[in-house]
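Here the structure is a predicted model, which is why all the values come from computation and not from measurement.
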Amino acid sequence: MSVTHDTRVQVRPATAQRPALRGWPEINNPAAWIVASILLIMPLIANGFFLIEIFATTLILGTMALSLMLLAGYAGMVSLMQLTIAGFAAYMVAVFGVSGNANISLGWPWWLAVPMALALATIFGTLGGALAVRTEGIYTIMITLAIGAAFYYFTNQNWAIFNGHTGINTVATPHFWGVDWRADIPFYYIVLAVAALCYFAVEYVSRAPFGLTLQGVRDNPRRMAALGFNVNAHRVAAYAVASFIAALAGVLQVWNYRQISPGSVSVGACIDVLIIAVVGGITRPIGPYIGALIFVLLRTFALDFLVKIGLDGNRFRLLIGLGFLAIVFWSSDGVIGLWQRWRQSQRPAANRAGGGGRGHG
Amino acid sequence: MDSVAQRLSAVGAGAALELRGVTRLFGALAALTDVTITVRPGERRAVLGSNGAGKTTLFNCITGDFPPSSGTIRFFGEDVTHFPPYERIRRGLRRTYQISALFPGLTVQDNVYLACRGVSRGRFSFLRPGQNDALMHAADNLVQAVHLAGVKDQPVAELAHGQQRQLEIALALAGAPRFVLFDEPAAGLSPTERQELVEILTSLPAHIGYIIIEHDMDVALRVVESVTMMHNGRIFKEGLPQEIESDPEVQELYLGGGHE
Amino acid sequence: MTRFVERHPAWALIVIIAIALALWLIFAVWPPGLEDAIGRKRVFLNAVFNGITLGGLYFLVASGFTLIFGLMRNVNLAHGSLYLFGGYVGYAISASTGSWILSFIIAFILTALVGVLLQVIVFRRMEGQDLRQTMVTIGLSIVFADLMLWACGGDFYQIQTPNWLIGPIELPLITAIKSSGEPVYLRYPLVRLVIFAASVVIGVAMWLALNRTRMGMIIRAGVDDRDILAATGVRIQVVFVLVFALGAGLAGIAGVVGGTFQSLSPGEDIRFLLASLVVVIVGGMGSIPGAALGALIIGLAEQLGSVYIPTYAIVVTFLIMVVVLALRPQGLLARR
């Protein structure tokens, strides 16, 4: 036996990369620094339309999909209710805060309404998760989809709180320190700050006991129990964290559009979050943001593009569906996976042995 | 029960593990029937029997992976019959699996670190372990102890079979085990690897008792002081290794019943 | 049944009392106080009948869903699309030939064919990867939905009820007593009753086929333990294709029924997918009797809910699912 692993050690380069248990992998990656600086100076490059409709929207959707990535990629639970939790938070901001529907909104200032919305949405998502973890594996998708669909029909039916199918309009956005935080540039920075916070938090936690434990639960729940872990408690905790992230994105969403209606929490929209995460890649936190960028670009420009090549411009969903199918067929790790495979095929064979140990899953 | 079994269970109250009338049904099929076993603290025992004799089901009942249909299980005097598996583990019970049950997406080090974390506080901690994290050191030592230091940063999916079996044992030795259940730890190992396994088992601190399921008599009889023989979900015979080995009934059953 | 009573006497008692109460509400002439409290008996009876017949429709959709899941562990989230596809096909046939019966036959055949193609071309390649299969069905449901929107537009379609089924019939259930002492009987649309009877027949036939034929035994064994299937030496792929065809075909038939009962439009696919999900979660995965029970419960809950608590009706359905998941996560009639 000792012979076997001695040879293995020899195969690996002497400076074998240690998985970044304590450090940040991005710090040594020039590409990450470039992306970060571009994002920071974006308002100098992009006009209002691009800044909000493309980049802020991407970051908001990406953060929602990040909450799904945390659940699916680390804990192995594919939840279709992440958008529902975000939508719930958005509704709560509208209900507790100030909006055009004075008979519904309670008129709380934003700094009270937002924490309330975050707390309620987190509780909502955690309860939904507690329900979903009572069954295993593929049932999670069904139960969370049922929760999402039920919420959608409920918002349509209920007028007392959710104002039926018209939803709640002209939701107030925060103004303080003399700044209108919904103006394009301040809003972009708020969105960027929240997205960055969520991204780095997920990245950090993935190597902390909480994140490692989830990955253990994903790989082998039974063994986790046999190591002393209360598996379901960890799963519910994962739902709680993911719900909080989704709720943050939901608050940004309602500030972005200044309104919320059942259309924003439809089943199709719930599935879009899954598509974003899967297309981007669910094994790393960056995946959802890449997926969101692709999705938003397609949604915004598909019409023009389709018309230009002589097709019906309304076939955006068909394009999304086919693209999603293609990704599911060819890459289990979304476009990140495709990118890595391409990189690996470009790299000289000699380096490949060393690189093998890094990517996980 | 014969006199040998009585002699072995005479220690009674101070038992590490005490099963009384444990039965496990799968539908109409009884995988275990009325099993009563007492094991002293620090005692090392082998469970022998042909395939389907109920050995692994016995382990699953003890750890709570599948709770028994009836009967009681006491662990160091405490009734753990209705405890979930993790509560039993936190009280010092450990087990390995016949088919390696590891975390293939994580590195060797992370696997062992999880095992250490599972039986200590801070399982939900959001903070990455620091430079002088005690559990990190514990994990390092454990990786060393099972001779896996050279591959500790490799994902488990890339390990050779023998290395996975060693990791399997490492996971069961994390924290402060008081009693370990080894389910065929030597399965699929080469003769040299078996030798290493025997060394690991015999070098365990004396207060750690264990039960080992092992088909390989050479391994089993070198590392235990008592033997329980199972057949068709029942205890068939208990005794000292030499007695069992020379027992004609056992020989007929075991060698006739398809060894391995 | 007797085992259930032995094991859970309290639950059995509650169930018996509930059934007795329901029967009394249906058959007795309501005392005046009760009508004042909860409204006319005719409204209640109509809601009950609507619920039961809607349950029949839900059963048709959900039984195919549960069968496919039970055997192949394939959560077919495109099942709603098959329902809508069947409905559109049925509409096209009935509009062009005028034959209602023929529309069922063609809808069954075409959706079953789609099912066969899906199983042969797509799902066979990813056997055992349940998550990936589910992702594929999600992608397919999006593609199908958009293709159908392309072909049929966003309009509402309703399949013409054949003449011989139009109009209500009088049932021997008294809704009220006139001041002259003459009883008033319940009048209910014949077509809904016929369709309900047909779904009961289909359900019983499926149950018999599963319990009495060799193929049915094989399928049931496969639902319980997939390894057994391989061991019996049957050509597992043939069984899979047949089951997928049957499940899809049932969804197609249900589409025609739904198109006659209600109407067809984009979005109905999601509605019936949700109904199937909730029905099988409540009834138990892979169980035909479970699908029947779940469909009945959900159909009744939806209709009674929409009559008595209109803005919270969906919550009732949802609460039923929550309660079942909390008390019996595997579903009411599932084995495990």
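- For the pair B:Q164 (side chain) and B:V156 (backbone), a donor-acceptor distance under 3.5 Å is present.
- Checked against side chain to side chain contact (heavy atoms under 4.5 Å, CB included), B:E199 has the following partners two or more places apart in sequence or in another chain: B:Q195.
- When heavy atoms are compared at a cutoff of 4.5 Å, B:S125 approaches chain A by way of both its backbone and its side chain.
- For the ring pair (Phe, Tyr, Trp, His ring centres under 6.0 Å) test, no residue two or more places apart in sequence or in another chain qualifies with A:F329.
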Next item on the list: Determine, stepwise, if the pair B:F83 / B:R91 fulfils side-chain contact (heavy atoms from CB on, under 4.5 Å).
Entry: CA-CA 11 Å; B:F83 281 19; B:R91 281 162 174 73; 3.4 Å; yes

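- For B:F182, the ring pair (Phe, Tyr, Trp, His ring centres under 6.0 Å) partners at least two apart in sequence or on another chain are B:Y210.
- Ion pairing of B:R74 with B:E78 is absent here, as no side-chain N (NZ or NE/NH1/NH2) approaches a carboxylate O to less than 4.0 Å.
- Proximity to chain A (any heavy atom under 4.5 Å) is shown, for B:A157, by neither the backbone nor the side chain.
- A distance of 9.0 Å separates OG in A:S243 from CZ in A:F124, rounded to the nearest 0.5 Å.
- For residues 228-237 of chain A, heavy-atom neighbours of chain B at less than 4.5 Å comprise A:G228, A:F229, A:N230, A:A233, A:H234, A:A237, sorted by residue number.
- By number of non-hydrogen pairs under 4.5 angstrom with chain A, the leading residue of B:D65, B:L93, B:L114 is B:L114.
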